[in-house]
Structures are given as C-alpha cells and as structure tokens.
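Just so it is clear, the structure is predicted and the values come from calculations on it, not from any experiment. Atoms considered below: every heavy atom in the structure, side chains included; atoms not considered: hydrogens, waters and symmetry mates. Chain letters run A, B, ... following the sequence lines, proteins first and then strands; every chain starts at 1.
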2 protein chains.
Amino acid sequence: MANRAAPLRLTSANAKPAGRPTRNGKARREDADREVGLDALAGHAGYAVRRFQIWIFQDFIKTLAAVDIRPTQYSVMTVIGANPGLSQMAVAKRLGIERARLVHLLDGLERRKLVKRVQSPSDRRCHALYLTAQGETSLRQFKRLAAEHERHVAEKIGKENRERLLHILSCFT
Amino acid sequence: MANRAAPLRLTSANAKPAGRPTRNGKARREDADREVGLDALAGHAGYAVRRFQIWIFQDFIKTLAAVDIRPTQYSVMTVIGANPGLSQMAVAKRLGIERARLVHLLDGLERRKLVKRVQSPSDRRCHALYLTAQGETSLRQFKRLAAEHERHVAEKIGKENRERLLHILSCFT
DNA sequence: GGACAATTGTTGTCGTCAACAACAATCTTT
DNA sequence: AAAGATTGTTGTTGACGACAACAATTGTCC
C-alpha cells in the first residue's frame with residue numbers, strides 16, 4: 001500500500017519533482033525531499049537486466065574505446081577467430097543478428113583490414129570469413145581489454161555474483 | 001591452433017560455411033558436425049546479458065501486445081503511478097532515460113489518455129505528471145500482464161534463478 | 001534435363017533507442 | 001538587474017532489430 005513514503009536515493013542524481021522548498025513560501029508537504037520511490041519496479045527482472053545491460057555495454061565501449069571496438073564488433077571477430085571459414089549466415093545465426101545487419105558490420109571490419117571475405121569454392125553464394133593477420137593480433141589485444149572489462153563487472157556486482165550470473169544465463173550462450 | 005578445420009552446426013539452423021558434405025565428394029573430417037564453437041564468448045557477461053535482455057524484452061512485448069505497451073512505457077507509467085506529481089526530469093533521471101526521449105514517450109501516453117501533464121504552480125518550467133483515471137485502471141491490467149511475463153522468465157531460467165538474479169542486480173534498481 | 005523452390009549476400013526502409021546539441025521559458029544566484 | 005543553471009522541447013546522429021525486395025546461386029522435384 002503506502003509505498004509512497006518509501007524513500008530511496010539515486011546513485012548519482014537528485015530529483016527535483018513538482019514542488020519543493022523554494023523561496024516562494026509554498027513549501028512542499030513533508031513529502032518534500034522524498035526520493036523517487038519505485039519499489040514498483042523492484043520485482044521486474046527485465047528492468048534490472050536492461051539497466052545492467054546498459055551499464056555493462058557502456059563500460060565495454062569505454063574500456064575498448066582506445067581500439068574503437070564495440071560489443072557487436074567484438075563478438076563477430078571472436079566467433080570468426082574461433083571458427084575460421086564460417087559463412088555470413090552462420091555467424092549471423094550464431095550471434096542472433098540479422099544477416100542484413102552483419103553486412104554493414106563486416107563492411108566496417110573489412111575496411112579496417114581486420115576481417116576478409118573469401119569466395120567459397122564449394123558454394124559460390126557464400127563468403128567464407130577469416131581474420132586477417134592484423135585481425136588476429138588485434139583480436140588478442142581486444143581480448144585483453146575485454147578481460148579488463150570483465151574485471152570491472154566483477155568489481156561492480158562481486159566476483160562470485162558474476163560467476164553466478166554467467167551460470168544462470170549460460171542457456172543464452 | 002589449427003582450429004581452422006573447426007566445422008560447425010547451429011543449434012536450430014544449419015550452417016553452410018565453406019565446405020561440407022555436398023554432392024561434391026570433398027566431405028568433412030570426423031569433426032564434421034561440431035556445433036559452432038564459441039566458447040570464446042562463454043566467459044563474457046555482456047554477451048549473455050545482451051541475449052537475455054533481448055529475449056526478455058521480446059517476451060514482455062509479446063505478453064503485453066494486446067494492450068500495446070512496451071517495456072519503457074510500462075516503466076514510465078509505473079513510476080508515475082507510484083510517485084504522482086513527479087516532473088519529467090525526475091522521471092527521466094529515475095529511469096535512466098534522457099528527458100528528450102521522455103518527451104516522445106509522454107506524448108504517446110498522453111495521446112492515449114493514460115497520463116496527463118499538469119503545469120506545476122511552484123515552478124512554471126515543470127510539468128507535474130499524473131496518471132489519468134483510465135491510466136490507473138489500465139496500469140492495473142498492465143501489471144497483471146507483467147506478472148504473467150515474470151512467470152515466463154521464471155519458467156525460462158528457473159524460479160530460484162530469477163530471484164537470485166534479481167538479488168544480484170538489485171543495485172541497478 | 002528443366003522448371004520451381006530455397007538459400008545467400010546485398011540493399012533499402014522503418015521504428016526503437018541512446019547520445020548530443022541547440023533553443024525559449026523560467027528559476028536561481030550573485 | 002545580470003549571469004548562470006534548469007526544464008521541456010525539437011532536432012540530428014549513429015547503433016540496432018525487424019522486415020521486404022532483389023540477383024546470383026544451389027537444391028529439389030517431376
């Protein structure tokens with residue numbers, strides 16, 4: 001019921017809702033400086049996961065900013081590096097992205113000489129995907145930075161919680 | 001090293017990468033039907049969280065399709081319902097969305113008579129946000145459907161795992 | 001062998017969403 | 001009163017998912 005009085009404080013920000021003790025005497029009621037209560041969202045997994053996903057992606061992007069690699073690009077290179085010769089369809093299905101989207105991703109990676117498309121001899125519709133020599137050495141550096149990012153995650157939610165989370169979500173690969 | 005010969009097959013789909021036992025006899029080695037190996041992504045929390053977040057949002061959208069309410073709209077209405085009179089800035093900061101984005105969200109909700117903007121008397125820059133009468137009754141229905149969605153999540157990852165996950169991510173509210 | 005269906009890569013559009021920048025109106029500060 | 005900050009608004013950009021169409025190629029079926 002009266003979860004309205006439920007106080008809580010934002011991590012960083014300060015809410016200034018409708019009315020608060022300004023100079024015009026009409027000061028707020030006692031609910032003046034209540035923080036925004038939304039226990040209402042507490043039991044929703046999707047909300048927590050969304051916020052966490054935003055945080056984790058921002059940290060990934062920031063940690064890999066020096067090499068200008070985004071999460072999706074990293075996942076594409078990782079899959080190709082582990083499975084050279086894969087077709088675009090195979091990579092797209094594996095990562096759950098559309099082949100149309102993968103085209104642009106590969107365009108960018110190929111432009112940077114990290115990945116190459118090779119015409120498959122057995123099926124002339126397919127492009128076999130490989131990392132270039134530069135792509136392989138670069139990927140090793142990306143993986144070091146990604147490992148640093150994972151340490152940030154462990155610092156944020158706890159080392160054991162991170163492993164628990166990986167275990168819980170292992171069915172999503 | 002020679003993971004190049006690594007062949008693979010998708011979980012549901014069939015990958016047709018560079019070469020496989022087609023009519024041209026050059027059949028694969030014994031490692032023929034290995035799935036697409038990307039243990040490389042196994043230890044990455046961000047990837048699992050992203051995939052899970054996509055799944056959970058799609059289920060939310062599908063479960064609330066009858067009422068045409070998306071996750072962000074639901075979170076906005078829930079926060080306003082729990083904290084009537086909040087300003088747009090307060091809601092935006094609370095939900096971690098930009099005030100520019102909230103403008104369009106509120107436009108849609110206001111057009112559907114679910115939310116109303118009221119000029120704040122104490123600060124004429126602010127709009128105090130309230131649910132309409134229809135908005136409150138609708139929100140109750142949305143919450144019932146959202147609870148059904150949460151049950152889907154519990155079925156997917158397990159009841160106890162869902163609660164474990166909520167606990168781990170509680171710091172993201 | 002040849003018609004027909006399916007697949008692959010590509011291009012395009014549309015809508016969602018985060019990130020920024022600019023602006024007018026308003027409030028705060030000095 | 002002047003300068004600075006805040007709020008709501010509009011706009012742009014880019015990443016991303018979804019979908020539709022297309023040419024080239026392959027598989028299938030008669």
What heavy-atom pair brings [X] and [Y] nearest, and what distance separates the two atoms?
X        : Y        : answer
B:Ala48  : A:Phe172 : O-CB, 4.3 Å
A:Pro71  : A:Ile61  : CD-CG1, 3.8 Å
A:Arg164 : B:Ile168 : CB-CD1, 4.0 Å

Between D:dG17, C:dA18, C:dA6, which nucleotide gets closest to the side-chain atoms of A:Arg125?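 For A:Arg125, the side-chain atoms sit closest to C:dA6.
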Counting side-chain heavy atoms from C-beta on, which of C:dC27, D:dT25, C:dT8 comes nearest to A:Cys126? C:dT8
Atom [atom1] of [X] and atom [atom2] of [N]: how far apart are they, to the nearest Å?
X        : N      : atom1 : atom2 : answer
A:Phe57  : C:dA19 : CZ    : P     : 12 Å
B:Asp123 : D:dT6  : CG    : P     : 12 Å
B:Leu129 : D:dT7  : CG    : C1'   : 12 Å
A:Arg51  : C:dA18 : CZ    : P     : 10 Å
B:Ile54  : D:dA18 : CD1   : C1'   : 12 Å
A:Gln53  : D:dA15 : CD    : P     : 16 Å
B:Met89  : D:dA5  : CE    : P     : 15 Å
A:Ile61  : C:dA19 : CD1   : P     : 8 Å

Residues in side chain to side chain contact (heavy atoms under 4.5 Å, CB included) with B:Lys113, at least two apart?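 Here the qualifying residues are B:Gln134.
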Does a side-chain N or O of [X] approach OP1 or OP2 of [N] to a distance below 4.0 Å, or not?
X       : N      : value
A:Gln88 : C:dT10 : yes
A:Thr72 : D:dC16 : yes
B:Arg70 : D:dG17 : no

For A:Lys116 and A:Glu110, run salt bridge (Lys or Arg N to Asp or Glu O under 4.0 Å): C-alpha distance rounded to whole Å, both residues' side-chain angles, the deciding distance at 0.1 Å, then the answer. CA-CA 6 Å; A:Lys116 56 183 171 186; A:Glu110 204 172 26; over 6 Å; no
Taking DNA chain D as the partner, which of residues 98-111 of chain A come within under 4.0 angstrom of it by heavy atom?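 Close to the strand are A:Glu98, A:Arg99, A:Ala100, A:Arg101.
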Presence of salt bridge, B:Asp107 and B:Arg117, under 4.0 angstrom: yes
For A:Tyr74 and A:Arg70, which I'm curious about, is there any donor-acceptor pair between the side chains at under 3.5 Å?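 No - no donor-acceptor pair under 3.5 Å links their side chains.
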Touch check for B:Gln73, heavy atoms < 4.0 angstrom, all strands: base, sugar-phosphate only, or nothing? nothing
